[in-house]
Number of protein chains: 2
Amino acid sequence: MEALLTIGETARRSGVAASALRFYEERGLITAQRAGSGHRRFPRAVLRRLAFIVFAQRIGLSLEEIGAELAKLPSERVPTGRDWSRLSGKWAGRIDQRIAELQRLKVGLTSCIGCGCLSLEHCQLVNAGDRAGRIGPGPLLWVGGRRKR
Amino acid sequence: MEALLTIGETARRSGVAASALRFYEERGLITAQRAGSGHRRFPRAVLRRLAFIVFAQRIGLSLEEIGAELAKLPSERVPTGRDWSRLSGKWAGRIDQRIAELQRLKVGLTSCIGCGCLSLEHCQLVNAGDRAGRIGPGPLLWVGGRRKR
DNA sequence: ATAGAAGTTCAAGTGAGCTTGAGATCAAGG
DNA sequence: CCTTGATCTCAAGCTCACTTGAACTTCTAT
């Protein structure tokens with residue numbers, strides 16, 4: 001088992017396209033050594049980092065947020081299980097929030113949409129809170145009557 | 001209470017920006033009558049339609065999917081509560097799927113990331129299924145070893 | 001009558017997250 | 001040595017869901 005992986009091997013083993021790996025490297029989410037030729041050589045540890053990235057994306061974090069989290073890992077040693085779980089600990093709350101929202105949406109779907117209270121002015125089922133970053137563009141979310149501008 | 005709303009009123013009451021309303025009209029998600037001047041006049045029923053759209057977006061559907069759903073509403077009469085709930089019924093399943101995935105992710109986060117099984121090749125915690133449309137671009141999701149190309 | 005708010009169209013821009021293409025170089029097997 | 005496949009860089013393109021700007025027109029209130 002080689003200690004260093006080429007970009008192709010890394011792509012195969014992680015399921016992340018080579019182009020995405022270059023993109024992530026450019027964004028500072030992962031790092032690669034270089035062979036004399038200029039070709040990337042990824043340490044095996046990058047695989048776990050990639051797993052974490054894909055995981056975090058499924059949870060709904062942006063690459064920027066993920067990068068900020070990854071930056072908290074110790075850079076001079078290979079991160080331990082404890083390092084990783086410390087990172088991921090705070091996300092459980094985020095998942096719970098999102099689950100709670102989905103459950104509210106489900107209630108709204110089966111009751112509220114049919115009943116007529118979805119006249120928008122009073123219904124609080126759909127709220128922001130999550131994805132607060134999108135308050136600028138995108139449909140304004142009705143947050144209890146308060147809205148931008 | 002006026003029977004028809006201007007685009008500005010519609011935007012205020014729905015929380016959806018006027019530019020988004022024009023965009024949705026262009027995409028066929030909503031329709032507007034026109035005043036002699038060319039100004040849009042939205043029937044009040046558009047508010048419920050907008051509520052549904054925002055709802056559906058929070059659940060994770062694309063505008064295209066939402067449009068397909070809305071197309072199933074009767075076009076010649078104002079949809080009833082039953083019409084709406086028939087539409088939304090099938091989404092409950094989708095919400096449940098997404099909740100289940102989030103719960104799996106949460107388990108993975110607290111156990112799997114720390115333990116070492118996240119070496120990608122064996123871990124099935126992150127799967128596709130949801131968002132199948134994204135299988136083309138974007139990071140390839142590991143679906144039990146099977147991947148595109 | 002006139003200012004200013006609100007509306008119109010159309011084209012182009014935005015941001016996230018990559019992918020694709022061009023043109024060149026590198027690595028491995030026969 | 002030569003071919004084939006992997007990689008490299010850099011610039012440009014793509015999808016989604018809108019927003020923004022320019023250049024006008026219309027409505028409303030004084």
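Because only heavy atoms are used, hydrogens play no part in the values below, and waters and symmetry mates are left out as well, while side chains stay in. A, B, ... follow the sequence lines: proteins, then strands. Residue 1 opens every chain.
Note that CG of A:L105 and CD1 of B:I99 are 9.0 Å apart. Values are rounded to the nearest 0.5 Å.
Rounded to an integer number of Å, the gap from A:E26 CD to D:dC8 P is 13 Å. Rounded to whole Å, the distance from CG on B:L50 to C1' on D:dA17 is 15 Å. Atom CZ of A:F23 is separated from atom P of D:dC8 by 17 Å (rounded to the nearest Å). One atom, CD1 of B:I53, and another, C1' of D:dC18, lie 13 Å apart when rounded to the nearest Å. Taking atom CZ of residue A:R27 and atom P of nucleotide C:dG15, one finds them 12 Å apart after rounding to whole Å. Protein atom CG of B:L29 is 13 Å distant from nucleotide atom P of D:dC16, rounded to whole Å. Atom P of nucleotide D:dT7 and atom CG of A:L4 are separated by 14 Å, given to the nearest angstrom.
Comparing D:dC18, C:dT8, D:dT19 by their nearest atom to the side chain of B:Y24 picks out D:dC18.
For the pairing with A:F42, the side chain to side chain contact (heavy atoms under 4.5 Å, CB included) check across A:T31, A:L4, A:I7 returns one residue only, A:I7. Under the side-chain hydrogen bond (donor to acceptor under 3.5 Å, both in side chains) test applied with A:E101, the options A:Q103, A:R104, A:R98 reduce to a single match, A:R98.
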Are any protein N/O atoms closer than 3.5 Å to N/O atoms in nucleotides 9-13 of chain C? If there are, list each pair with its distance.
unit_1, atom_1, unit_2, atom_2, d
C:dT9, OP1, B:R34, NH1, 3.0
C:dT9, OP1, B:R34, NH2, 3.4
C:dT9, OP2, B:R40, NH1, 3.0
C:dT9, OP2, B:R40, NH2, 2.7

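When the side-chain nitrogen and oxygen atoms of A:T6 are compared with OP1 and OP2 of D:dT7, one or more of them lie within a distance under 4.0 Å.
Partners of A:D96 under the salt bridge (Lys or Arg N to Asp or Glu O under 4.0 Å) rule, at least two apart in sequence or in another chain, are B:K106.
Annotation: proximity of residues 62-73 of chain B to DNA chain D (heavy atom, distance under 4.0 Å) is found for B:S62, B:L63, numbered in ascending order.
The side-chain heavy atoms of B:F23 and B:L29, taken from C-beta on, include no pair separated by under 4.5 Å. Between B:T10 and B:V16, the closest side-chain pair of non-hydrogen atoms is not below 4.5 Å. For the pair B:H39/B:Q33, no side-chain contact is recorded, criterion being any heavy-atom separation below 4.5 Å from C-beta on. For the pair A:L21 and A:L50, the minimum side-chain heavy-atom distance is below 4.5 Å.
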Quick tally for nucleotides 21-30 of chain D: nucleotides whose base has a protein heavy atom under 4.0 Å get B, sugar-phosphate-only ones S, the rest -, giving -----SS---

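Between B:E25 and B:R41 there is no salt bridge, since no side-chain nitrogen of the basic residue lies less than 4.0 Å from a carboxylate oxygen of the acidic one.
Closest heavy-atom contact between B:Q57 and B:Y24: OE1-OH, 3.7 Å.
Listed by first and then second residue, the salt bridge (charged side-chain N to carboxylate O under 4.0 Å, His left out) pairs that reach into residues 61-75 of chain B are B:E65-B:R94, B:E69-B:K72, B:E69-B:K90, sequence neighbours excluded.
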For a side-chain contact (heavy atoms from CB on, under 4.5 Å) check, start with the C-alpha distance between B:I30 and B:I53, then their side-chain angles and the critical distance, and finish with the verdict.
CA-CA 10 Å; B:I30 57 178; B:I53 293 172; 4.2 Å; yes

Residue pair A:L102, B:R58: steps toward the side-chain contact (heavy atoms from CB on, under 4.5 Å) verdict:
CA-CA 8 Å; A:L102 286 171; B:R58 295 297 298 161; over 6 Å; no

Decide ring pair (Phe, Tyr, Trp, His ring centres under 6.0 Å) for A:F52 and A:W91; before the verdict, give the C-alpha distance in whole Å, the side-chain angles of both, and the deciding distance to 0.1 Å.
CA-CA 12 Å; A:F52 196 70; A:W91 296 5; 4.8 Å; yes

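With the end axes of the helix from C:dA1-D:dT30 to C:dG30-D:dC1 each set by five pairs, the angle from one to the other reads 0° at 10° resolution.
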